[in-house]
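The structure that follows is given in the form of structure tokens.
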Amino acid sequence: MRMHPSLEAILPKVQKPARYTGGEFGEIIKSKEETEVRFALCFPDTYEIGMSNLGLRILYGVLNKLPGVWCERVFEPWRDMAEAMRAAKVPLYALESGDPIRDFDLIGFSVGYEMSFTGILDMLSLAGIPLRSEDRKDLQPIVFAGGACMFNPEPIADFIDLAAIGEGEELDAELTELYRRAKREGWTKGEFLSAAAQIEGVYVPSLYDVTYQPDGRIASVTPKEGAPAYVRKRILQDLDRADFPVRTIIPSTEIVHDRTMLELFRGCIRGCRFCQAGYIYRPVRAKRAETLIRQGIESLRCSGYEEISLTSLSTSDYKELGALCDGLLDWCEPRSVSLSLPSLRADNFSLELMQRVQKVRRSGLTFAPEAGTQRLRDVINKNVTEEDLLNACRTAFSGGWSSVKLYFMLGLPTETDEDVLGIADLAYKVWQVWREATPNRSRGVRITVSTSCFIPKPMTPFQWFPQDSREELIRKQKLLKDSMRSKAISYSWHEPDVSYIEAALAVGDRRLGKVLERLFASSGGLQAWEEYFDYAAWLQAFREAGLDPDFYVRRLRGEEELLPWDVIDDGVQKTHLLREKHLSERGVVSPDCRKQCLGCGANRLLEGGKCDA
Amino acid sequence: MPEVRFRFEKRLRAAYLSHLDVMRTFQRAFIRAGIRIRHSEGFNPHPKMSIALPLQLGCESVCEVLDASVLDGPEDMAGALNAALPEGIRVLAAGQPLRPVREIAWTEWSLRFPDDETASEAETVFRLPSLPVEKKTKRGLGTLDIAPHIELLAREGTELRMLLRADSPTVNAGDLRKALGGKLEKELPVRCLRLRLLTENRETFQ
Ligand code: SF4
């Protein structure tokens, strides 16, 4: 890396400077002479968060496999560093080369959390790149975004030249190749974008005219220049054969998930009605246990990590989980490498498995019943019963566990106080079960209840529903807090202020560009961080943009209404979402994909047209 | 295999790795290099290894010392490790420790200043009979006069060569920075490079 001369004076003075130097084991350095396309893979949050993202590591590996393409990493600096960089006029640089990213060809953001939208503006501004797409006239650089948030790209439509919808492994490579051609042949930016819009999975916001009704709802969306009416997401057909980088960058400094991550499958068979991930990653595609064991061991060997975590939406739904854990543990146990299994479900919890895993290291248990009563769990289609949960806890407690975390959501559609109190009841029953089942009462127990606030997310059956008002959410939190009946039960909750803004950004339209711009001007990036989240400034930014966040957050959207993200097609038909919404209103559950296919439409994304749930 | 002493350098970008970062990095590099380290007993076993005189963030060094209890490993441990370490950290030698770490009494430093003038100003400061700096001690914040514990060896252009007391009390590059900051008006970009570890009678410690 060629360090900017001013960095030497800055780095010793900022917190955790190792985040800004690159040079880690496994980073990829290429020769600039042989590089035709320079790709800045950007993550609009800190190094510690970004380096913990498996998707980012996969894309880094895939893109750097392309000859003549050099993909480098860029993260959002913490405030102290950003201020020092601005003061010393050090433009945002890529960690591998130290070169300013404003000279790069492609600038791709991976966006998984709406609250990090302002991070995109922060990074562009630090780089010295005009924020708005329309103010960037040239082919270089092209700014785009991918990730879960791009299933509604509209709120950042003003800033990006295009959005890559769905899984990026093939799509980003195709975009890069198209760019290479455009660069060789001297295309204009407009020519490149029109051509890019023809690639499946590419959405070019400027090629769609949006008009509004007087009340603020969308009146029409009209594609131009041959852009498709619907942009269908991309998926990998065969995950088992897909390239998986076992050699990745090993950060020298501590990050959030500092371990080997192994992705068992994409998608989820469950269909919880509030859960965006459960819909946008459909259909389920699993890797074979044999492949995973090989990749897991290889990754551990190449990394030196002493922990491996099985990451997927619902790990215990993996069909070959037993064989996989056996295979991994055979290698891990003699080497004192621990295996962690997050996201277990209470209805297929296996003590035997947990005990094998626990031999290496005992971890806490986490369950997510999401709602306090069976009625409400049926509404959200969380097919877990009280009995399932208590049985799972009983097994765990009698096996010696003494701490359990329970996750719930407040403000779910149709929720009443009875449902809220049901959370306290359930926690109390868990405590009673512990008293009955534990072999050692004197050790005590820790039961942690956490609630988040319901946020309507695009592409889910609950996308039409409003969020509870802030006052109502605070009232419910207090109600719940006051009804906890044991000292062993602790309760923590998410701030409704953040959830309110997050909801507006999740279901917003492209008029929110003005809000983001104003908010960034007044309060800067890092809005996903408590330290810098500025609620009053957000409200002010909405006011100045002439918009009311309640219009997005607190309104029941009509079923016929044109939604901002309707142009994006994740494979699941809207009719399916409506059907699920109606079932939820009647409190009727739906079976999971493994029990019975509900014909959501996602199977059409597969070459054979058949899901293997 | 008994204790093995790894002498390594920490340069360039690696200067910004904290002591804990370097420990973590070696822990993983050992595994990648196929070197097994003995672990402590108990509920939370950790590898038996230690680094003498942790460097301060931002300082470079060509004389770092890491002692580890090696169970087994390849013939060429230094070579295997170097293939497994990040940029800037390089093992210079792996071998039997000749003396215990507690015999390190002095550290030799090279300080580089932006120009001759500042270097000469710094030289004057370091020759003062008394140089009190604030220092964190076990009993909280205290003041230490570092003047008796530092020795100016030479100035060559923009570079100062100095000896700092390594033990009781420990004086480090940060203390020198603080001392300068208290005397000179301007803020100094000083490049600090640790060159050598020495024993009480000024022999090179290996
Ligand atoms: S098509 Fe059927 S099996 Fe496939 S994801 Fe949709 S509901 Fe599930």
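Letters go in sequence order (proteins before strands), and every chain restarts at 1.
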*Is it true that B:F26 and B:F8 have ring centroids separated by less than 6.0 Å?*
yes
*asked:* For a quick check under 3.5 Å, do A:D45 and A:W529 share a side-chain donor-acceptor pair by atom type?
replied: yes
*Most contacts with chain B, counted as non-hydrogen pairs under 4.5 angstrom, among A:M3, A:R335, A:K16, A:E27*: A:E27
*Would you please indicate yes or no on a ring centroid separation below 6.0 angstrom for B:F6 and B:F30?*
yes
*asked:* Is B:R191 in contact with chain A via its backbone, its side chain, both, or neither, using a 4.5 Å heavy-atom distance?
replied: side chain
*Which portion of B:R24 sits near chain A, non-hydrogen atoms under 4.5 angstrom*: side chain
*Check whether any side-chain heavy atom of B:L176 sits under 4.5 Å from a side-chain heavy atom of B:I146, and report yes or no.*
yes
*Does the side chain of A:R443 come under 3.5 Å of the side chain of A:S402 through a donor N or O and an acceptor N or O?*
yes
*asked:* Between A:S303 and A:R247, is there a side-chain donor-acceptor contact under 3.5 Å, judged purely by atom types and distance?
replied: no
*Give the member of A:L7, A:L300, A:D258 that has the highest number of heavy-atom pairs under 4.5 Å with chain B.*
A:D258
*If you count heavy-atom pairs under 4.5 Å with chain A, which of B:G88, B:G58, B:A84 comes out on top?*
B:A84
*Does any heavy atom of chain B fall under 4.5 Å from the side chain of A:L95, the backbone, both, or neither of them?*
backbone
*asked:* So for A:E24, is it side chain, backbone, both, or neither that comes closer than 4.5 Å to the heavy atoms of chain B?
replied: backbone
